Amino acid sequence: MKTCLIVDDSRVIRKVSRHMVEAIGLAVEEAANGQEALDACAQAMPDVILLDWNMPVMSGIEFITRLRASPGGEAPKVVFCTTENDAAHIREAVQAGANEYVMKPFDHETLQIKLQLVGAA
Amino acid sequence: MREDFAANLVSGLLEARTGQQLTRDRHWRIETALAGLMREQGIENADQLARRLLQPGQEALAEAVVEALLNNETYFFRDRPLFDQLSQKILPALAARRGDTRRLAIWSAGCSTGQEALSLAMIFAEQRMRWAGWTIEIVATDVSRSAIASARKGAYSQFQVQRGLGVQQMLTCFEEAREGWRVDPALHRAVRFEVHNVLDPAPRPGRFDLVLCRNVLLYFDSTTRGRALDRIGDALADDGFLMLGGGESPAAHSNRFVTCRANTNFFQHAPSRAATAPGKDSIPIRPSLSANSLKSNLSTFR
Ligand SMILES: C[S@@+](CC[C@H](N)C(=O)[O-])C[C@H]1O[C@@H](n2cnc3c(N)ncnc32)[C@H](O)[C@@H]1O
């Protein structure tokens with residue numbers, strides 16, 4: 001079973017996302033901020049990371065830059081989540097090493113297609 | 001009584017203009033679907049709406065009512081595995097069959113706001129080498145004037161543009177503009193958008209090698225589905241292909257089509273009519289659209 005790390009500072013969003021990702025057939029881990037997420041990755045690299053782009057403790061871009069620089073950190077597919085107003089961040093995130101993005105709020109179908117696009121579903 | 005009259009009037013309008021039936025048990029949908037329009041027009045209840053519709057010179061209102069009842073739900077590469085089949089099995093088969101004329105005509109019937117037809121254009125752009133020297137005509141039609149107007153603009157909201165497209169594809173084929181994400185002009189030019197009812201004779205050029213009619217027939221009753229499939233059958237080349245939506249089949253409504261043996265979501269004319277039996281091809285299907293090749297290939301349509 002493929003694994004997905006959900007990184008979001010909102011517990012509610014993590015819960016909703018977990019529900020969808022599990023229904024798509026992946027095993028889920030959660031992290032509430034970028035540092036927690038990096039720690040989790042150091043323990044075991046997930047197959048895919050669903051990453052909130054606007055987190056307070058460590059920004060999405062800082063997280064992904066540090067992830068990609070860490071041993072084995074190039075492997076996970078990173079799907080980052082932004083809101084409608086974040087269009088400018090999309091190019092920035094892709095340049096920083098994100099593989100795919102999904103707009104918040106997303107539904108099951110949209111997320112499933114994105115996970116299929118990165119080969120995780 | 002009055003409410004009933006209004007509901008019958010509205011569903012009658014819808015059926016007359018689009019062939020769609022709103023059966024009695026779905027009349028409740030009318031109120032929800034028309035709530036916004038009625039508020040906008042200062043119409044307080046169904047009775048008032050019916051009276052307005054019966055007055056002369058209310059064409060615009062009648063059209064707005066019908067538009068509000070249509071479901072325009074769509075997204076890019078809807079049912080991606082089907083688009084993979086299309087690009088890796090059906091299009092190569094058509095390429096082999098049309099090698100002499102090097103022309104393909106494709107019809108997206110019930111195209112809504114254009115995502116389906118643009119997905120096709122993206123496939124051809126991505127396979128530029130294979131189609132060099134070919135004339136690819138993509139006609140996309142819908143009965144909804146507002147859907148076609150929006151397709152002709154070629155601008156999509158952030159929500160629409162990310163639905164079904166990979167981020168690389170999105171960044172390659174679309175540009176951020178004030179009115180949303182604007183599709184690459186070359187891709188946009190590759191599609192001709194027209195207002196058209198699928199129950200009418202097919203649009204120009206009248207004969208198509210491939211027809212997509214996806215998630216449209218489900219709004220019709222069985223007889224009307226048969227009529228639509230007749231129109232499509234009349235317009236489909238003898239050895240052409242019909243692509244329906246995921247899980248849709250013509251079987252219960254028309255005996256003019258059979259499933260392609262190797263590609264169960266595609267259909268061809270039943271043998272009595274088709275000149276040749278469907279060919280078996282065994283090319284494996286794998287995800288096909290790489291954004292990098294797409295970028296260099298957008299010039300296909302320039
Ligand atoms: C749910 S959308 C499907 C769009 C697209 N084919 C897809 O699969 O994503 C159905 C479309 O069919 C159109 N439609 C309904 N009745 C029609 C008719 N009689 N002729 C042409 N289009 C029709 C609607 O306006 C709507 O845009």
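Throughout, protein chains are lettered first and strands after them, A, B, ... in sequence-line order, and every chain is numbered starting at 1. Small disclaimer: the values here were computed from a predicted structure and weren't measured.
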Would you say B:T18's side chain and B:Q20's backbone share a donor-acceptor pair under 3.5 angstrom?
yes

Side chain from CB out, backbone as N, CA, C, O: work out which of these in A:V102 comes under 4.5 Å of a heavy atom of chain B, or both, or neither.
both

What heavy-atom pair brings B:D142 and B:C111 nearest, and what distance separates the two atoms?
OD2-N, 3.4 Å

Can you tell me how far apart CD (B:E116) and CG (B:L212) are? Round to the nearest 0.5 Å.
5.0 Å

With 3.5 Å as the limit, can you list every donor-acceptor pair between chain B and chain A, backbone and side chains included?
residue : atom : partner : partner atom : Å
B:Y75   : OH   : A:E109  : OE2          : 2.8
B:Q158  : NE2  : A:Y101  : OH           : 3.0
B:Q162  : O    : A:K114  : NZ           : 2.5
B:Q162  : OE1  : A:M103  : N            : 2.8
B:L165  : O    : A:K114  : NZ           : 2.9
B:V167  : N    : A:E100  : OE1          : 3.2
B:V167  : N    : A:E100  : OE2          : 2.7

4.5 Å side-chain heavy-atom contact, B:V143 and B:I148
no

Residues B:G164 and A:L117: closest non-hydrogen pair is O-CD1, 4.4 Å

Treating B:H253 as the side-chain partner and B:L229 as the backbone partner, does any N or O pair qualify as donor plus acceptor under 3.5 Å?
no

